[in-house]
Number of protein chains: 2
Amino acid sequence: MLIGFEIDYKTLPYSRRERNLVTQTTNGRGPKIRDVALHAGVSTATVSRALTDPASVRPALRDKVLEAVKALGYTPNAAARSLRAGRTRTILVVTRKRWSAPFFSEVLNGIDTTLARAGHAMILGNFDAGDRREEEIIDMMFSGHIDGAIILSGIAADTGTRSMLDAGLPIVSISAAVAGTLAIVTDEGESIVRLADHLLDGGHRRFLYLAGPLGNYNETVRWAALRAHLAGRADATLARIEGDYTMPAGIAAAKDFLAMAERPSAVVACNDEMAIGFMKTVRAAGVAVPGAVSVAGFDGIEFADYCEPTLTTIRQPRFELGAAGAETLLKMLAGTMALADGPVRLVNRLRLADSTAPLGAG
Amino acid sequence: MLIGFEIDYKTLPYSRRERNLVTQTTNGRGPKIRDVALHAGVSTATVSRALTDPASVRPALRDKVLEAVKALGYTPNAAARSLRAGRTRTILVVTRKRWSAPFFSEVLNGIDTTLARAGHAMILGNFDAGDRREEEIIDMMFSGHIDGAIILSGIAADTGTRSMLDAGLPIVSISAAVAGTLAIVTDEGESIVRLADHLLDGGHRRFLYLAGPLGNYNETVRWAALRAHLAGRADATLARIEGDYTMPAGIAAAKDFLAMAERPSAVVACNDEMAIGFMKTVRAAGVAVPGAVSVAGFDGIEFADYCEPTLTTIRQPRFELGAAGAETLLKMLAGTMALADGPVRLVNRLRLADSTAPLGAG
DNA sequence: CTGTTAGCGCATTCAT
DNA sequence: ATGAATGCGCTAACAG
């Protein structure tokens with residue numbers, strides 16, 4: 001039995017010190033607002049006010065409170081706060097299992113940075129149509145666990161019984177416009193037309209388009225724009241091969257391309273990954289890029305500058321898409337923006353690199 | 001005025017139907033447990049039990065409750081539940097701003113999949129040492145908003161005043177072992193030795209190592225293992241160039257390499273991105289890979305198979321790292337696993353590709 | 001400007 | 001097996 005055993009707090013790591021203070025309070029689970037109130041000699045209401053609306057408390061008292069907060073290592077309980085306030089300062093971000101990490105990770109970064117600055121947290125949820133996870137995502141919308149949602153998945157979670165849209169929370173969709181949400185999109189149709197014009201200017205007339213998944217928003221917009229534009233040129237042809245945005249899909253498309261009797265001279269892929277898989281494969285088969293075929297992508301992922309050859313592509317403002325989406329959602333929560341104020345459109349930039357060249361050049 | 005105006009609910013979208021039902025309940029914000037109880041003719045306690053412990057309620061009553069739940073579109077309020085139960089079924093995952101998206105996105109996928117299966121949500125938080133975000137992360141640990149944390153950042157958020165470790169919640173660190181947490185790591189030291197042996201077998205003796213950020217866990221482990229191993233070979237030399245895991249760092253290293261009087265014949269990069277940036281640059285300068293220099297990476301990101309040439313690397317089980325981390329944390333929460341049961345070690349695999357060849361071959 | 005009080009919605013005692 | 005009542009921790013009315 002140790003009697004009079006003295007702990008020298010100054011030599012202990014602060015964690016130990018704090019833990020010790022914590023145990024001096026009412027119960028085992030860390031200090032509550034009441035503990036702070038007692039320590040500071042004020043009521044719990046004053047503590048609450050000193051923390052959430054400092055201006056409403058006399059400086060002298062406020063300082064006493066903040067001192068007590070620091071001394072006890074008090075952090076307000078989030079659940080109690082949420083229950084009382086009716087909001088959680090938490091946002092749900094939904095993605096799909098097979099997302100394009102190089103593209104979306106930077107969007108996510110933009111979201112996180114913006115939300116964090118506003119004191120909001122971000123719950124990430126992956127789902128694919130049909131799996132149980134989809135139901136959980138919807139439940140979360142109705143559970144009061146979150147204040148709003150950002151959709152990166154291109155579609156809303158919807159089990160047929162109910163949809164995440166029904167919860168009545170503000171929702172923003174980024175990159176793909178989802179009906180019933182405020183969409184943050186880019187001028188992707190115009191962008192792909194600019195790309196096509198660049199290739200047309202280089203003398204290209206036989207085009208091949210590497211498609212994204214059928215029904216996908218971006219796929220639909222890009223294809224429609226490209227097709228409409230080339231339809232206006234009597235001398236141009238446009239073939240199409242289906243794909244799913246992955247590099248293996250680019251490989252598969254390349255095999256089809258290599259088997260074609262009359263090969264197109266210009267390939268426009270619906271995203272960079274497919275373009276990169278395509279280039280790798282045709283080059284391995286002895287088809288020079290851009291010598292024999294020009295290849296362009298879409299998105300402007302980082303690797304577009306490191307593949308061989310560097311990839312002509314359309315650079316989307318990924319971070320800004322995320323930031324604008326988060327900003328917009330915060331405004332909807334604040335009531336200063338509404339669905340009708342959308343969609344928000346950002347501008348892409350054509351980035352020329354070594355994978356495209358005028359017909360016959362390269 | 002519309003009298004006797006009948007709405008045909010069957011032709012309305014379900015969302016409309018549900019919204020209608022919701023308004024039949026006590027207040028504006030959706031049905032509460034009391035509404036369900038009234039609708040089913042039971043007490044709130046029975047509703048609660050029917051939902052959380054169905055076996056404890058007589059089947060007849062249980063069915064009535066579940067029916068009422070469905071009819072009203074009831075979803076339990078998460079904040080109230082958390083406050084009452086003392087846990088949130090939410091996990092915090094911390095990353096750093098400059099993470100390697102190709103590597104960590106798949107780890108994240110493993111985490112999310114595993115947590116979701118167990119009914120847990122995942123809050124994502126980016127931080128960098130010194131910014132305000134770091135404090136928020138720590139606050140979250142103390143706020144009762146989360147039940148535990150997974151560290152992908154390699155270091156614990158720590159302001160000097162307090163650290164996320166002090167909250168007393170279970171914490172797992174993945175890929176880099178963080179003191180005070182249960183670490184999920186790989187046999188990276190052994191892996192890099194296997195890689196070195198492969199190059200030694202090919203006749204290489206002059207090595208160059210492209211380093212990660214000083215102090216980084218993986219950097220430290222890999223460098224120590226490689227250095228110790230080559231130190232055992234009297235005929236081998238090992239140079240080192242600093243970097244920060246990015247492709248531009250690989251470019252910078254390549255410039256230094258090109259300026260060397262006697263160039264090493266084998267380059268081992270601490271991650272794939274640097275190896276890829278390096279290859280791109282030396283090839284552009286006319287140095288053949290692997291003809292003049294063999295290059296190897298570390299991590300096994302997807303793009304390693306699509307760069308030019310394909311990259312010899314060490315493939316880490318990224319999804320499994322995430323899954324194991326989440327699994328482990330869940331066990332810690334359940335009390336069936338503790339810090340002392342770690343670390344958990346997964347095994348990497350050497351993946352040979354076109355960027356390495358025996359000395360003088362290629 | 002500050003203290004007292006009530007209640008956010010739920011899970012869990014304690015009775016029955 | 002079920003119901004009544006309590007309190008998780010906090011903030012917002014209301015009083016003073």
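Every chain is numbered from 1, with letters handed out A, B, ... down the list of sequences. Note that the structure is predicted; figures quoted are calculated from it, not measured.
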Please give, in whole Å, the distance from [N] [atom2] to [X] [atom1]?
{"X": "B:D53", "N": "C:dC10", "atom1": "CG", "atom2": "P", "value": "18 Å"}
{"X": "B:R34", "N": "C:dG7", "atom1": "CZ", "atom2": "P", "value": "11 Å"}
{"X": "B:L83", "N": "D:dG7", "atom1": "CG", "atom2": "P", "value": "14 Å"}
{"X": "A:K64", "N": "C:dT2", "atom1": "NZ", "atom2": "C1'", "value": "12 Å"}
{"X": "B:L38", "N": "D:dA4", "atom1": "CG", "atom2": "P", "value": "11 Å"}
{"X": "B:N77", "N": "C:dC8", "atom1": "CG", "atom2": "P", "value": "11 Å"}
{"X": "A:R87", "N": "D:dT11", "atom1": "CZ", "atom2": "C1'", "value": "11 Å"}

Quiz item: Would you call B:V93 and B:I111 a side-chain contact if the rule is heavy atoms closer than 4.5 Å?
Solution: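 In short, these two side chains touch, coming nearer than 4.5 Å.
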Practice problem: Could you tell me whether the side chain of A:L51 reaches within less than 4.5 Å of the side chain of A:I33, counting heavy atoms only? | Solution: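 In short, these two side chains do not touch, never coming nearer than 4.5 Å.
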Quiz prompt | Passing candidate, side-chain contact (heavy atoms from CB on, under 4.5 Å) with B:H145, options B:L92, B:I123, B:T88 | solution =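 Answer after filtering B:L92, B:I123, B:T88: B:I123.
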Practice problem: Mark up nucleotides 11-16 of chain C, 5' to 3', with B wherever a protein heavy atom is under 4.0 angstrom from a base atom, S wherever such an atom reaches only the sugar-phosphate, and - elsewhere. | Solution: BBB---
Quiz item: Got a sec, which residues hit salt bridge (charged side-chain N to carboxylate O under 4.0 Å, His left out) with B:R132, two or more places apart in sequence or on another chain?
Solution: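 Counting only residues at least two positions away or on another chain, B:R132 forms a salt bridge (charged side-chain N to carboxylate O under 4.0 Å, His left out) with B:E136.
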Quiz prompt | Test item: B:T113 side-chain N/O and B:N109 main-chain N/O as donor-acceptor pair under 3.5 Å | solution =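 Yes, because the side chain of B:T113 sits within donor-acceptor range (under 3.5 Å) of the backbone of B:N109.
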Quiz item: Can you name the residues that form a side-chain hydrogen bond (donor to acceptor under 3.5 Å, both in side chains) with A:T52, not counting sequence neighbours?
Solution: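 side-chain hydrogen bond (donor to acceptor under 3.5 Å, both in side chains) list for A:T52, sorted by chain: empty.
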